[in-house]
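Worksheet for the structure shown next.
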Amino acid sequence: MTTMLNISRLYAGYDASSVLFDVDLELQTGQVLSLLGRNGMGKSTLIRCVLGLISPRQGSIYIDGVCTNGWQPDRIARAGVSIVPEGRQCFPNLTVHEHLSAFSANRNPASTQLWNAERVYHMFPRLAERKNNLGNQLSGGEQQMLAIGRALVTNPKLLILDEATEGLAPKIRDEIWACLSRLKHEGQTVLVVDKYVNRLMQIADHHVVIEKGRCVWEGDSDALSKASAVWERYLGI
Ligand SMILES: Nc1ncnc2c1ncn2[C@@H]1O[C@H](COP(=O)(O)OP(=O)(O)OP(=O)(O)O)[C@@H](O)[C@H]1O
Ligand SMILES: [Mg+2]
């Protein structure tokens, strides 16, 4: 088994504020890892470090065996990391189809079934219907499907979703979970943040809980289902 993402002794923050402290995390190739923790605990900050949007103060990040410390975000993206960002960030003035063609690439030479616009439309038929609509004419659910499709057509080695189903109607959430389940079965490596822990437990191989910028627990779904103290202390459930 190879390691797709290895984070070691990571410290990071913004200007005068320190957010992440001594974070270790490992994600094996072909697995799904969930990053759990309440609001403001540092999940998005950790993701920003992986994407190269902020520079760690200490520690290292290896992506598919290569240290990416000091790399700019575009280089990290070309190395095969794609993000479905918090708030989706679709381009208001590009159509659905333009998003999917503009981002089309193959950043994972090992992938056997390449993602393209047609495969995205097959997975999300709603997007096919909205093919010629602009980003700002889409509902929140359609925007999230587009953000996922836009990430997939780069054929990422590592797909990261920050708040996979936030603010979406239950029916759309189900579609997103079905999509993630399918990606997992196809061997896509995924790092996902979401607040629906029960759904994440059905999909993720491993869970990491962060509290005030520190990893406080990790384990598989079976262990998490039995760790009642973790739920009470760190997940607020
Ligand atoms: N751009 C920024 N500048 C300064 N502080 C920030 C910035 N972004 C986040 N923070 C602070 O860093 C801490 C961690 O925030 P982060 O967004 O990483 O948390 P999160 O776990 O993703 O939370 P949420 O569940 O609300 O998305 C918070 O205290 C937040 O206020
Ligand atoms: Mg966040």
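Indexing begins at 1, ligand by ligand and atom by atom, following the structure's order. In this text the structure is predicted, and so the values were computed from the model without any measurement.
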Task: Nearest atoms (heavy-atom pairs only) where I76 meets I63 - done: CG2-CD1, 4.0 Å
- [ ] Please work out whether any backbone atom (N, CA, C, O) or any side-chain heavy atom from C-beta onward of E86 is under 4.0 Å from ligand 1, and answer side chain, backbone, both or neither.
- [x] side chain
Task: Protein residue, atom and distance nearest to atom 18 (O) of ligand 1, heavy-atom basis - done: T45 OG1, 2.5 Å
Open item on the list: Quiz question for you: does at least one protein heavy atom lie closer than 4.0 Å to atom 2 (C) of ligand 1?
Closed with: yes
TODO: State, without any angle test, whether N132 and T95 hold a side-chain donor-acceptor pair at a distance under 3.5 Å.
DONE: no
Open item on the list: Using a 4.0 Å cut-off to any heavy atom of E163, which atoms of ligand 1 qualify?
Closed with: 25 (O), 27 (O)
Task: Protein heavy atom at shortest distance from atom 25 (O) of ligand 1 - done: K43 NZ, 2.8 Å
Open item on the list: Heavy atoms only: which of G40, C49, G87 lies closest to atom 26 (O) of ligand 1?
Closed with: G40
Open item on the list: Would S44 count as being in polar contact with ligand 1, using the rule that some N or O on each side must be under 3.5 angstrom apart?
Closed with: yes
- [ ] Consider only side-chain N and O atoms of Y234 and R38, and report whether a donor and an acceptor are under 3.5 Å apart.
- [x] no
Open item on the list: Between T189 and T29, is there a side-chain donor-acceptor contact under 3.5 Å, judged purely by atom types and distance?
Closed with: no
Open item on the list: Name the residue from I210, V208, L200 that meets the side-chain contact (heavy atoms from CB on, under 4.5 Å) definition with L36.
Closed with: L200
Task: Per-atom contacts of ligand 1 with R48, taking only distances under 4.0 Å to non-hydrogen atoms - done: 8 (N)
Open item on the list: Is it the case that the side chain of N155 and the backbone of A105 share a donor-acceptor pair, with hydrogens and angles ignored and the cut-off at 3.5 Å?
Closed with: yes
Open item on the list: Quick check on the Mg ion (ligand 2): does T45 put an N/O/S atom closer than 2.8 Å to it?
Closed with: no
TODO: Tell me whether the guanidinium CZ or amine NZ of R57 lies under 6.0 angstrom from the six-membered ring centre of Y11 and within 45° of its axis.
DONE: no
Task: Atom indices of ligand 1, in the order listed, that fall short of 4.0 Å to a heavy atom of R38 - done: 21 (O)
- [ ] Give the residue and atom name of whichever protein heavy atom lies nearest to atom 11 (C) of ligand 1, and the separation in Å to one decimal.
- [x] Y14 CE1, 4.1 Å
Open item on the list: Within ligand 1, which atoms have a heavy atom of M41 less than 4.0 Å away?
Closed with: 19 (O), 20 (P), 21 (O)
- [ ] Return the name of the atom in E86, of element N, O or S, nearest to the Mg ion (ligand 2).
- [x] OE2
- [ ] Using a strict cut-off of less than 4.0 Å between a Lys/Arg side-chain nitrogen and an Asp/Glu carboxylate oxygen, indicate whether E175 and R182 qualify as a salt bridge.
- [x] no
- [ ] Flag V19 as yes when one of its N or O atoms lies below 3.5 Å from any N or O atom of ligand 1, and as no otherwise.
- [x] no
Task: Side-chain donor-acceptor pair present, Y14, R48, cut-off under 3.5 Å - done: yes
Task: Heavy atom of protein inside 4.0 Å of atom 31 (O) of ligand 1, strictly below - done: no
- [ ] Of all the heavy-atom pairs spanning S101 and H97, show the shortest one and how long it is.
- [x] OG-O, 2.7 Å
Task: Contact with ligand 1 for K195, non-hydrogen, under 4.0 angstrom - done: no
